[in-house]
Amino acid sequence: MKKTTFYKLVLSLILITSTAMATETQKIVVTSPDGTTYAQINLEKDIRYSITQDEVLVLAPSKIALRISDGTIWGAHPRVKEIRRNSVNKTISTPFYKSKKITEAYNQVLIDFEGDWSLEFRAYNDGIAYRFISHKKGKFEIKNEIADYEFVNDAQATVPYVYSPGDLEHQLSQAFENTYTRLKISELDKERLMFLPLTVAAPKGKRVTITESDLRNYPGMYMQTTEKENTLSAFFAPLRNEVEEHSGYNNLQVTVKSRHEYIAKVNQKRSFPWRTAIVTRNDVELANTDMSYLLAEENVIGDTSWIQPGKVAWDWWNNWNLEGVDFKAGINNQTYKYYIDFASKNGIEYVILDEGWSVNKVYDLMQVVPEIDLEELIAYGKKRNVGIILWAGYYAFDKDMQKVCEHYSKMGVKGFKVDFMNGDDQELVHFNERVAKMCAKYRLLVDLHGTYKPAGLQRTYPNILNFEGVHGLEQMKWQPQTCDQVTYDVTMPYLRMISGPVDYTQGAMNNAVKSLNTITNQVETQYYPNFSKPMSQGTRMHQLAEYVIFFSPLNMLCDTPTNYEKNPVSTEFIASIPTVWDESKTIDGKMGEYIITARRSGDTWYIGGLNNWDARNITINVKEITGKSGQAIIYKDGINADNNGVDFKKTTEHITDYITLHMAPGGGFVVKL
């Protein structure tokens, strides 16, 4: 046993008695299974905890509490009734995840306090999580929750702000889609909320990444800076009071006119969401964390054999732009039959009917536009092994949820893409769970669009295959040239994706790079926003590699079928790649610069690389990663990809062990072995 591990175990035994009453200062320590990471919980006039890894303090003592509406504060002058400890080390099965099985190993301390509440801490090898638990009978309200993260210095933070500044209600009504800002804590905008996950640098090259898990029937957590030095503090949306119904975009949303003075109603004994501080020594460790998934409640729907992940031919991003057909392309049966034929020919499991199939602005999903015959389309797809998924606005879906699910399930629809929730107060968080539960009842898949990041619900309800909450490719229909999506693409896997799957919607065939103007000798971006004929930033290989790097069990092909038909090599690759995996591991990378990830399905390995705007050569030991050598199919940036984003090459090479690959600016690669 290491001396440091032995020291911590002895220390925890000295500091704790199993049924001690709180003294003036009581300290409780919980240490990770490998002995490198521990939290110290200080019980004095309030509750504060700190985190240390490898003898380096990464989080200074930070205050936590729950304020009840009757004036009680869980955390003020706490008095301990009992302390219980537990350890877990097991392998769990993970349907529709990035690996088929993962290890769950943690040490736990559960502290029961006078006043019918408890505090639970878990120490994993890669971080610390805690949550409050209520044993209180009867109904009550949570006025606020205090969750401070006090860092040891004015460190650099990488954060996603809410998309637009403005008054509080404006900030709370948003879809959690923004690029990242990198600033010191002291330089962050005190008037603007930040959503999760976000990360802060810590001493000795470490970083602390904040997120939450098992978020159910409770508001999501934002972060904000205050006058507290080096500190990020939690903020929660108050529960909505008065709303204007069927408002907003195409009457698909509600507008909150007033809110209560509390954040949540509680009507039974319950646990509250986990507050998670992932502590890592490098960015590769962060990309590989499973903490968010592990902290969620296990599957509650039982049988998952009916759930089929796969790829989806998508209509909206490409604006129904077909070429060379003898009918008017748009929202009609002829167009969707063309999409179904394309999907069937390429082994694509689903076609989605996005916004427009139901009558616009009436918020009634039972009213189908006359140009669409759903029963005919479903039957047409069934004969060709292609399922139909329907898009639905939040308000209309909520209004008739059971009726809609029962009706379309009987018709043969395979699932719903539910959109425009645009918030994460208690009511909207509970809405997502109600959608998952109702859809599971009728064996329907769920893609939650226009919503907050995953926070464990996909483990509890495995029929939820995707979440948006990402600055995805749809943004390229309207973002200005100043938007840097390529840098976002090599930052997001280290942050947003650690919370769960991403509905990023990649697959663009029109690929814009930055090229040199030989007359002015200036580098110019080829990208410009175009709603009807959109493009991506970066090379074609950047798009193909995203199917390896980004995890999406229900993965979109965003471009038009006729664009894919013009690009058969790209289409064959996209159509054939799996969407769930037996094994996954990020093997190299640095946040904001590049990432290399390997995934295995059966006996086949895919190794993908994504790059920022700096050209680089990457050398990888393929045999060490995969345990295999031999003939490999390699997709890589072409020699002219720095000027012509669509230039790439597919080759077959014999790999013994090492291979060196060049990634163009905004480029990528894939090795299939």
Side-chain angles (χ1 to χ4, degrees), residues 173 175 240 242-257 312 314-317 319-320 330-337 339-340 350-381 387-423 425 427-451 461 463-464 466-468 474 503 554:
S173 301
R240 56 183 61 183
E242 183 183 7
V243 301
E244 178 187 345
E245 296 182 330
H246 48 84
S247 60
Y249 173 74
N250 279 349
N251 288 341
L252 296 169
Q253 302 163 264
V254 301
T255 300
V256 179
K257 299 176 71 174
V312 186
W314 187 31
D315 53 357
W316 183 86
W317 191 80
N319 205 31
W320 299 268
I331 301 170
N332 56 56
N333 268 34
Q334 289 175 299
T335 299
Y336 283 115
K337 284 182 179 180
Y339 276 78
I340 291 169
Y350 301 103
V351 166
I352 191 167
L353 276 64
D354 212 285
E355 182 184 8
W357 67 269
S358 62
V359 176
N360 200 11
K361 297 186 178 181
V362 299
Y363 43 90
D364 183 354
L365 295 172
M366 304 304 290
Q367 296 188 40
V368 182
V369 297
E371 296 83 359
I372 294 291
D373 185 332
L374 268 180
E375 290 184 298
E376 181 185 354
L377 282 181
I378 291 166
Y380 189 85
I388 299 296
I389 294 172
L390 297 177
W391 179 93
Y394 149 67
Y395 181 81
F397 197 77
D398 195 24
K399 184 169 75 75
D400 294 312
M401 191 183 298
Q402 177 150 358
K403 181 181 178 182
V404 166
C405 288
E406 183 176 16
H407 174 74
Y408 288 112
S409 175
K410 287 180 179 178
M411 190 181 289
V413 167
K414 299 301 182 182
F416 280 96
K417 174 183 176 180
V418 187
D419 202 353
F420 282 105
M421 286 71 85
N422 286 23
D425 57 35
E427 185 170 327
L428 286 173
V429 170
H430 192 45
F431 168 80
N432 280 1
E433 183 168 0
R434 291 190 291 109
V435 170
K437 187 175 182 179
M438 186 66 71
C439 285
K441 178 180 178 180
Y442 292 101
R443 297 202 161 191
L444 294 164
L445 306 177
V446 181
D447 176 3
L448 291 172
H449 214 66
T451 194
Y461 294 89
N463 59 314
I464 305 179
N466 268 18
F467 292 74
E468 195 184 18
E474 71 175 33
D503 196 17
L554 196 65

Worked check of side-chain contact (heavy atoms from CB on, under 4.5 Å) between Ile331 and Glu371: CA-CA 7 Å; Ile331 301 170; Glu371 296 83 359; 5.7 Å; no
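Residues passing the side-chain contact (heavy atoms from CB on, under 4.5 Å) test with Ser409, sequence neighbours excluded: Tyr442, Leu444. With sequence neighbours left out, the side-chain contact (heavy atoms from CB on, under 4.5 Å) criterion links Asn250 to Leu252, Glu355, Asn360, Lys361. Applying the side-chain contact (heavy atoms from CB on, under 4.5 Å) criterion to Ile378, with sequence neighbours excluded, gives Ile388, Met411, Val413.
Taking 4.5 Å as the limit, every side-chain heavy atom of Leu377 sits out of range of all side-chain heavy atoms of Val351. Under the 4.5 Å side-chain criterion, counting only non-hydrogen atoms from C-beta, Trp320 is not in contact with Asn332. Taking 4.5 Å as the limit, some side-chain heavy atom of Leu554 sits within range of a side-chain heavy atom of Ile389.
For Trp357 against Leu365, the heavy-atom pair with the smallest separation is CH2-O, 3.6 Å. Smallest separation of non-hydrogen atoms from Ser358 and Asp364: CB-O, 4.4 Å. The heavy-atom pair separating Val435 from Met401 by the smallest distance is CG2-CE, 3.8 Å. Contact between Phe397 and Phe431 at its shortest, heavy atoms only, is CD2-CZ, 4.3 Å. Here the shortest heavy-atom pairing between Asp315 and Ile352 reads OD2-O, 3.4 Å. Nearest heavy atom pair, residue Tyr363 against residue Lys399, reads O-CE, 3.0 Å.
Of the inter-residue distances, the one linking Asp400 atom CG with Met366 atom CE reads 7.5 Å to the nearest 0.5 angstrom. Considering CE of Met438 and NZ of Lys441, their distance stands at 5.5 Å, rounded to 0.5 Å. The structure places CZ of Phe420 at 12.5 Å from OG1 of Thr451, a figure rounded to the nearest 0.5 Å. Atom CG of Leu448 and atom CZ of Phe416 lie 13.0 Å apart (nearest 0.5 Å).
The only option from Asp354, Asp503, Asn466 that meets the side chain to side chain donor-acceptor pair (under 3.5 Å) definition with Lys417 turns out to be Asp354.
Side-chain atoms of Trp314 and Tyr350 form no donor-acceptor pair, as typed in the model, at a separation below 3.5 Å. When only modelled atom types and interatomic distance are considered, Glu433 and Tyr461 share a side-chain donor-acceptor pair under 3.5 Å.
Under a 3.5 Å cut-off, the side chain of Asn463 and the backbone N or O of Ala436 do form a donor-acceptor pair. Put simply, the side chain of Tyr394 never gets that close to the backbone of Gly450: no donor and acceptor are under 3.5 Å apart. The backbone N or O of Asp373 sits less than 3.5 Å from a side-chain atom of Asn333, completing a donor-acceptor pair.
The 12-atom threshold is not exceeded at NZ of Lys437, counting heavy atoms of other residues, nucleotides or ligands nearer than 6.0 Å. Residue Glu375 places its CD atom among 12 or fewer non-hydrogen atoms of other residues, nucleotides or ligands, all under 6.0 Å distant.
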